[in-house]
Amino acid sequence: MAKSYRPQDEEPRIRQRWLQSGCFASQPGSSRSPYCILIPPPNVTAALHLGHALNNSIQDALARHARMKGMDVLWMPGTDHAGIATQTVVEKRLALKGKRRTDFTREAFVAQVQAWKDEYEATILSQLQEMGASCDFGRTRFTMDPVCAAAVRAAFHRLFDEGLIERGRRLVNWDPATRTALADDEVEMKDVDGRMWYLRYPLEDGSGHVTVATTRPETMLGDTAVAVNPRDPLAASVRGKRVRLPIVGRVIPIVEDDYVVMPVSRGGDPADAKAQVASGFLKVTPAHDPNDWEIGIRHGLAVVNVMGPDGAISDRHGWTDVSPEAKALVGLSRDEARKAVVDRFRRDGLLEDEKPWKQTVGHSYRSGARIEPWLSEQWFVKVTDDRLRGAALRAMEPAQFDGEAPAGQAPGDGGLRFYPARYARTFQQWHENLRDWCISRQLWWGHRIPVWSRPAAGEGAAVGAAAPAGGAMVPVASAWANRGASHRVRRRDDGTLEELLCLPEGGDALVAEIEAAGFVQDADVLDTWFSSALWPMSTLGWPDPKAFGMQGLLERYNPSAVLSTAREIITLWVSRMTMFNRHFLGGRVPFRHVFIHPVIQDGFGQRMSKSLGNGLDPRDIIHSHGADALRYTLLDMTTDTQDLRVPVEMVDPHSGESFTPEFTRAPSGHQVAAPLQRSPRDPAKSMVSSYGAASGLATPSEREPLARNTSSRFDLGRNLATKVWNAARFVLANAPAPAASVRRADLDRLDRWILSRVARAVRLADAALSEYRFSDYAAACYDLLWRDFCDWYLEAAKPSAKQDPRRQAVMLAVLDAVTRLLHPAMPFVTEALWPAVQARRAGGTVEGLALAGSELLAVAAWPQCADELQDAAAEADFQRLQGLVNAIRNIRGERQVPPKRRVILHASSGARALVSGWNGLVEALAGLESVQEARSTRGSGSAAFPFEGEECWIDGLVDQADAGAERSRLEKVIADRRRAVQGYQGKLGNAGYVAKAPPKVVEETRAMLAAAEADLAAAERALAELGRA
RNA sequence: GGGCGCUUAGCUCAGUUGGCAGAGCAUCGCCAUUACACGGCGAGGGUCGCAGGUUCGAGUCCUGCAGCGCUCACCA
């Protein structure tokens, strides 16, 4: 065996063994209890980043732990088609070649996206395997697989049929760059330096003007009213009046509405930032502002849409009264139009004022374009319906609900629990502010909406004649309805009747027929989250598991055990999965627990972002530190409250050395590694940083290669992997023969101590994992392996290891237990060691520590510890030994005694009994030549120390006595003990403390005072002795 | 603006129901000791963000303030 663990040598081999053995495959037919985790399917947009590595390390630790606990584990892997994101990256690539989506047919374009998807899906799956993820790869899903498509069709049809899906002309978040609607959660709010303009609108009767304040003057083309607060002192003077809109010439009313904020000068709230800038008159543009839309509804205002889907001014989307002057603005972009409108107002003396104004404006989370609230016809899921929103809220565990919990007695009610608990509140509040969910996207990549429509005819027209305004869908009884289609008619805003057919899953036989009847399929696709929301069901075969050979999976693995995901996902995805799973599966929750993991940040506390290039590729860490180091370190950092800060370093491709790069500030304000970096070894050579490559500011070449990144943060895990590797080397070298079986009665105190520590570590690990405390799990492994096993047990075992078969058996058993305990975090190194450890153990047993044999560690049993293994007496004794050894080592260290030099301990009866009771262990661990009775006279050059209140000293530290050093050392001890004594005395001198503190605590304080006093006296005696010498 | 979190050693973070402040890394000293220098043994380093309060006792509980971060909302 090599002196240190070399991940690159072992990982590919181990990965092969796992995959060949099929040990990660779920066993739905087995009698073991099921444990299921559904991977949050990563986007096929790009390769996995460090955040994925964290989430997958978490899920794999849980999956491997459950598997070793004897459960039937299904960790379902898969990827997500990410409609807008994937389409955008492909379109961007086409744009480099000067092409656009519309240069292709829909089919040809989708084929190109498909090719991209295939490439990245393969990358993602191979990354998962590189990390050691124990997914059931045979069941890998993609959200556009036939099985997922069937679920989408079935779900859509049922929601449509139940009236939970509707179509309507509403203001949506419109991305003019990609020309699609977006859901609220796809909009990113960004701070922008804008301006506030004050525009004068002349009153129609010539009696003056009103001044409106706006940040978006271009929308005035679509104004259909001016609003004023009825409590505004000026309201009466304009009551019933109208204004003539400049440029357009449209005459519009002045309406009164409470929504309008009054300026501070007229009674507005000075604390309200809006009141600071408000003029008291609000231009109302129902087609271009959500609040104005509401005002429009309240006052029955006209809706004038002055923009096209590209965000440019247009007279073809609902603007009919275009004046000759306004005509000149048609075709201008939003920004050009803004400038033009302001120029006109300025020219005409109607621009009263303008000032800088900071505002936050929505941007598309994909294209980055400014979002336009735009009027268009879209599909919505009525998530605010109690059947959906109410079901999600009732799923919450009552104890985590803030306020009166709505959970009822229905199946699944109260069945959802959040870890950490505080995220339950986020979930709850999100639902309380929920709006209907816009699910149509004007894209080509995604699940096509399964609805066909035509202008109403026949039965549709007859039924529709009675359809109300407002777009409500009215069922139509028809032959198509009898054959499974959901047939509806509705009255559109323009009064025309639209007839709709939603075909069920498997209902495509009707397509030719209805298309012949004039029905046309909706061109849009569904929001990706619609299929993601069905992930816990679709991956298990819903709605028809038999059709896909998945009988029984849905019943067995849904609800899954836990969903592990990121914070921002609580709102959209967890909610939607909960609503859909409950709605379609009789109230069942999709998972019992939701674990929210931390966010990974770079060394400056900035979120890692691929587009920014400040992130770490997990493959780089695997390259520099190994997969185990990556996984262990991430788990170790995963606490309840802190995000993970991982400073990024670079690896010099010329020398292989790691170094801290030069940082610079990106235009976005982020701290990033400068595009070009000089080699720290040879300043003549340079390299390109990942920011350089991502931003296009530098291009990697043979002379200036792209540098990999790394982080010394992962040294922790790498060192631990080497530690377990070397512990195994030592044990295997010292236990050459197959291990015997040992009974508990055969064990000495040292063995009983380490076995007690093993039992404790297993207990801690189980408790930690069951509550998603990954850092505590990692620490329990670390402490057992490094501190207890290596530092103390193996050191203490050295003198006896080679001769004592019983010691060898225990050593091997503990090593075996350690590899099992560590396996969920570090699967590769532990699996690599496993065959040798098992061969040497050869079925030998240690009574009380059950470690069933197995060919692969991945499916070996988790250690089972009998209660007797916990040995408080052995632990207490060992702690005394550690106390004495530490005291001696401390003196040796301070006096710089070389390790090889043996010293003589002079001890009183208590310490001598301790030493002799441990059969030479203290001598070995503390480097003692002999132990002698403490007599009243001490040799010069000796060093004294108090131990359990008795004076002990050490002789033979150095050849030359150094009284000065000894004096100052003792004075330090005395000062320390004196401080302790004063502290305890102070407490006990406090009448309130003695009277009110629990008697047990007071008693402990008394004991500690006595011990400190005895130590102090011993040290003072030693100092006095030194003075005499 | 609403909600949530954070502020403890140079750095990254723990700190259970209030009861003498911890770990890893970094620093310093000793050590080529036959598992491991990705190592061993020691050491130094903290008025626990600030100000009040509750309590016999506060890093821990309460109030206020400051700074940082996340998230939701806000385009007058």
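Numbered from 1 within each chain, the chains take letters A, B, ... in sequence-line order.
- Between the side chains of Asp602(A) and Gln606(A), at least one donor N or O sits under 3.5 Å from an acceptor N or O.
- Residue contacts for Glu795(A): at a heavy-atom cut-off of 4.0 Å it reaches a base atom on one of the strands shown.
- Side-chain proximity of Lys3(A) to C70(B), C41(B), C36(B): nearest is C36(B).
- Using modelled atom types and a 3.5 Å distance limit, the side chains of Asp636(A) and Tyr782(A) yield no donor-acceptor pair.
- Contacts of Leu282(A) with the nucleic acid, taken as non-hydrogen atoms under 4.0 Å apart, include base atoms.
- Between Gln400(A) and Tyr423(A), the closest side-chain pair of non-hydrogen atoms is not below 4.5 Å.
- Every residue meeting the ring pair (Phe, Tyr, Trp, His ring centres under 6.0 Å) condition with Phe828(A), not counting sequence neighbours, appears here in chain and number order: Trp18(A).
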Just list the side-chain donor-acceptor pairs under 3.5 Å for residues 992-1010 of chain A, sequence neighbours left out, or say none.
| from | atom 1 | to | atom 2 | distance (Å) |
| --- | --- | --- | --- | --- |
| Tyr993(A) | OH | Thr1005(A) | OG1 | 2.7 |
| Thr1005(A) | OG1 | Val1001(A) | O | 2.9 |

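- A residue-by-residue look at Ala727(A) and Val261(A) shows that Ala727(A) has its nearest nucleotide of RNA chain B further toward the 5' end.
- Distance noted for atom C1' between G57(B) and G18(B): 8 Å (whole Å).
- Side-chain atoms of His597(A) and Thr638(A) form no donor-acceptor pair, as typed in the model, at a separation below 3.5 Å.
- Residues Phe730(A) and Arg718(A) both approach RNA chain B. Their nearest nucleotides, taken by heavy-atom distance, put Phe730(A) toward the 5′ side.
- Taking the C1' atoms as reference points, G29(B) lies 45 Å from C65(B), given to the whole Å.
- Picking from A23(B), U12(B), C38(B) the nucleotide with the shortest atom distance to the side chain of Ser4(A) gives C38(B).
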**Asked** How does RNA chain B read in dot-bracket, base by base from 5' to 3', with Watson-Crick or G-U pairs under 3.5 Å and | used when the partner is on another strand?
**Response** (((((((..((((.....[..)))).(((((.......))))).....(((((..]....))))))))))))....
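- The distance between atom CZ of Arg334(A) and atom P of C75(B), rounded to the nearest whole Å, is 15 Å.
- Within a 6.0 Å radius of CZ in Arg370(A), other residues, nucleotides and ligands contribute more than 12 heavy atoms.
- Among the nucleotides G24(B), G69(B), U71(B), the one closest to any side-chain atom of Gln601(A) is G69(B).
- One N or O donor and one acceptor, one from the side chain of Lys723(A) and one from the base of C36(B), sit under 3.5 Å apart.
- Counting any heavy atom pair closer than 4.0 Å across all strands shown, Arg979(A) reaches no nucleic acid atom.
- Base contact: Lys798(A) has a heavy atom under 4.0 Å from a base atom.
- For Arg216(A), the side chain to side chain donor-acceptor pair (under 3.5 Å) test picks out Glu372(A), with sequence neighbours left out.
- Comparing C13(B), C75(B), G42(B) against the side chain of Arg645(A) picks out C13(B) as the nearest.
- Not a single ring pair (Phe, Tyr, Trp, His ring centres under 6.0 Å) links Phe345(A) to another residue, sequence neighbours left out.
- Nucleic acid contact for Asp643(A): sugar-phosphate only, since backbone atoms but no base atoms lie under 4.0 Å from a heavy atom of the residue.
- Counting non-hydrogen atoms under 4.0 angstrom, Asp776(A) reaches nothing in the nucleic acid.
- Taking atom C1' on both nucleotides, U63(B) is separated from A58(B) by 15 Å, rounded to a whole Å.
- As judged by a 4.0 angstrom heavy-atom cut-off over every strand, Met1008(A) is placed among the base-contacting residues.
- Between Arg902(A) and Glu923(A) there is no salt bridge, since none of the side-chain N atoms of the basic residue sits less than 4.0 Å from a carboxylate O of the acidic one.
- Evaluation of the side chain to side chain donor-acceptor pair (under 3.5 Å) rule for Asp257(A) yields Arg298(A), His299(A) as partners, not counting sequence neighbours.
- The salt bridge (Lys or Arg N to Asp or Glu O under 4.0 Å) contacts involving residues 718-727 of chain A comprise Asp715(A)-Arg718(A), where partners must be two or more places apart or lie in separate chains.
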N/O-N/O pairs, protein side and nucleotides 25-30 of chain B side, under 3.5 Å:
| from | atom 1 | to | atom 2 | distance (Å) |
| --- | --- | --- | --- | --- |
| G29(B) | O2' | Gln896(A) | NE2 | 2.5 |

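- Counting non-hydrogen atoms under 4.0 angstrom, Arg787(A) reaches the backbone sugars and phosphates but no base.
- There is no side-chain donor-acceptor pair under 3.5 Å between Ser658(A) and Glu649(A).
- Across all strands, Asp636(A) comes closer than 4.0 Å to no nucleic acid atom at all (heavy-atom distances).
- Contacts of Phe714(A) classified as ring pair (Phe, Tyr, Trp, His ring centres under 6.0 Å), with partners at least two apart in sequence or in another chain: none.
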Write down the protein N/O and nucleotide N/O pairs, taken from nucleotides 56-58 of chain B, whose separation is under 3.5 Å; answer none if there are no such pairs.
| from | atom 1 | to | atom 2 | distance (Å) |
| --- | --- | --- | --- | --- |
| C56(B) | OP1 | Lys996(A) | NZ | 2.1 |
| C56(B) | O2' | Asn990(A) | ND2 | 2.6 |

Hey, what are the protein-to-nucleotides 3-8 of chain B N/O distances that come in under 3.5 Å?
| from | atom 1 | to | atom 2 | distance (Å) |
| --- | --- | --- | --- | --- |
| G3(B) | O2' | Gln429(A) | OE1 | 3.3 |
| G5(B) | O2' | Thr641(A) | O | 3.4 |
| C6(B) | O3' | Gln642(A) | NE2 | 3.2 |

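- With sequence neighbours excluded, the residues forming a ring pair (Phe, Tyr, Trp, His ring centres under 6.0 Å) with Trp725(A) are Tyr5(A), listed by chain and number.
- Contacts of Ile891(A) with the nucleic acid, taken as non-hydrogen atoms under 4.0 Å apart, are absent.
- Within the nucleic acid shown, Asp791(A) comes within 4.0 Å of sugar-phosphate atoms alone, with no base atom in reach, counting heavy atoms only.
- Nucleotides G24(B) and G15(B) have their C1' atoms positioned 15 Å apart, rounded to a whole Å.
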